[in-house]
Amino acid sequence: MVLPQESEVTHPDTAELALAKDAQDMLFRDARTVTDFQDVPVTDAQVRAIYDLVKHGPTAMNQQPLRAVLVRSETACGRLLAHIFEDNNKAETQAAPLSVVLAADLDFHLRFAETFPVLPDAEQLYAEAEPEARIASALMNAHIQLAYFIIGVRAAGLAAAPITRFDHQALDADFFPDGKLRAVAVVNVGVPVQGMPGYPRLPRLQYEDVFLTA
C-alpha cells in the first residue's frame with residue numbers, strides 16, 4: 001500500500017465535514033470572544049435573523065425555554081451594569097452596541113400544547129414533577145440554546161462576548177420580578193474592531209482527551 005505524502009493528506013476537519021471550510025473558520029476556528037466593538041448598531045432585523053436560524057437547534061422535548069431581553073435604553077443598561085461583578089466586564093458591556101440578557105423560562109411546559117403536540121400530556125408531566133427537576137431542565141436546555149445563539153451571532157458576521165459572572169439573584173429580581181425567568185448569561189454583541197481579534201486562542205483538548213468508545 002502506498003501511503004499519501006504529507007502534502008496530499010487532507011485535514012480531517014475539512015475532509016469529513018459537509019460545511020464549507022470558510023464557514024467552519026467563520027463559526028469556530030477564526031472566531032474569538034471580542035470585547036472591543038465598532039460604534040455600529042446591532043439592529044432588531046439582525047437579531048430576528050439570528051433567532052430565525054438558531055431556533056431550529058434541538059432541545060429536550062422541543063421545550064425551547066430560552067427567553068431574551070435586548071438591553072437598549074440607557075436606563076436598562078444602567079440597571080444591568082449594577083449587577084455585573086468585574087469592572088472590565090462593566091466597561092465592555094457599557095461600550096457594547098447591544099447587550100442581551102438570556103434567560104430560562106421555568107414555565108416552559110405551559111407552551112407544550114404548541115411546541116410538543118405529539119405528547120398531549122407533556123404539560124401535565126412537568127406540572128406534576130418536582131419543581132427542581134423542571135428548573136434543572138429549563139436551565140440545561142437554555143444553556144444549549146445560549147450556545148446556538150452565540151454561533152448564530154457569528155453566522156451574522158458579528159462577534160459575541162458572553163458574561164456569566166454577575167449577581168444572578170439581583171439581576172433576576174430586577175429584570176424578572178415575577179420569578180418565572182432565570183438569567184443564564186449576558187451576551188454583548190457587535191461588529192468587532194478591525195485588527196482586534198479578541199482574546200488569543202487558548203489550548204483546546206484533543207480528541208483522545210475527550211472521547212471514549214464503550
Side-chain angles (χ1 to χ4, degrees), residues 1-68 70 88-89 92-93 95-102 104 139-165 184-214:
M1 181 176 64
V2 178
L3 296 176
Q5 298 298 314
E6 183 176 354
S7 60
E8 298 174 350
V9 176
T10 304
H11 196 282
D13 283 350
T14 57
E16 304 300 333
L17 300 176
L19 188 67
K21 184 180 181 300
D22 57 350
Q24 298 172 30
D25 292 340
M26 178 181 184
L27 297 179
F28 294 99
R29 298 190 193 91
D30 294 341
R32 297 291 189 277
T33 297
V34 171
T35 56
D36 294 302
F37 297 101
Q38 297 183 40
D39 186 18
V40 177
V42 177
T43 67
D44 287 346
Q46 287 174 299
V47 178
R48 181 179 293 273
I50 291 167
Y51 177 70
D52 283 343
L53 173 64
V54 303
K55 69 183 181 183
H56 297 290
T59 53
M61 295 177 68
N62 201 34
Q63 60 186 245
Q64 304 172 67
L66 189 71
R67 306 291 181 264
L70 305 180
N88 60 328
N89 283 341
E92 292 161 7
T93 301
L98 176 65
S99 297
V100 186
V101 179
L102 300 178
L139 292 173
M140 179 183 67
N141 285 279
H143 278 93
I144 291 172
Q145 289 188 282
L146 163 64
Y148 298 148
F149 179 76
I150 292 171
I151 299 303
V153 168
R154 293 174 173 181
L158 303 171
I163 296 172
T164 56
R165 283 189 51 77
V184 296
V186 174
V187 180
N188 294 324
V189 179
V191 179
V193 172
Q194 296 299 318
M196 299 288 289
Y199 293 117
R201 172 73 73 211
L202 293 173
R204 294 312 199 252
L205 296 178
Q206 298 302 308
Y207 177 90
E208 292 76 13
D209 299 318
V210 176
F211 286 87
L212 299 174
T213 300

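For this chain, numbers begin at 1 and follow the sequence in order.
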Report yes or no: does Q24 contribute a side-chain atom to a donor-acceptor pair with the main-chain N or O of L19 at less than 3.5 Å? yes
Would you find a donor on one side and an acceptor on the other, under 3.5 Å apart, between the side chain of N141 and the backbone of A60? yes
Are E92 and N88 close enough, and set up right, to give a side-chain contact (heavy atoms from CB on, under 4.5 Å), and what steps lead you there? CA-CA 6 Å; E92 292 161 7; N88 60 328; 4.1 Å; yes
[X] and [Y]: which non-hydrogen atoms are nearest, and at how many Å?
X    : Y    : result
I150 : A160 : CG2-CB, 4.2 Å
S99  : N188 : OG-OD1, 2.6 Å
F37  : A159 : CE2-O, 3.6 Å
A31  : M26  : CB-O, 3.5 Å
V54  : G152 : CG1-CA, 3.6 Å
Q38  : Q194 : NE2-NE2, 3.5 Å

Any [X] side-chain heavy atom under 4.5 Å of [Y] side chain:
X    : Y    : result
I163 : V187 : no
P97  : V40  : no
V186 : N89  : no
I151 : F28  : yes
Y148 : L66  : no

[X] side, atom [atom1]; [Y] side, atom [atom2] - distance, nearest 0.5 Å:
X    : Y    : atom1 : atom2 : result
R67  : Q64  : CZ    : CD    : 8.0 Å
R154 : I50  : CZ    : CD1   : 12.0 Å
I144 : Q63  : CD1   : CD    : 8.5 Å
L139 : L146 : CG    : CG    : 11.5 Å

Stepwise side-chain contact (heavy atoms from CB on, under 4.5 Å) test for L158 and V191: CA-CA 5 Å; L158 303 171; V191 179; 3.6 Å; yes
Should we say atom CZ of R201 is surrounded by more than 12 heavy atoms from elsewhere, each under 6.0 Å from it? yes
Side-chain donor-acceptor pairs of residues 206-213 under 3.5 Å, sequence neighbours excluded:
unit_1	atom_1	unit_2	atom_2	d
Q206	NE2	R204	O	3.4
D209	OD2	Q206	N	3.0

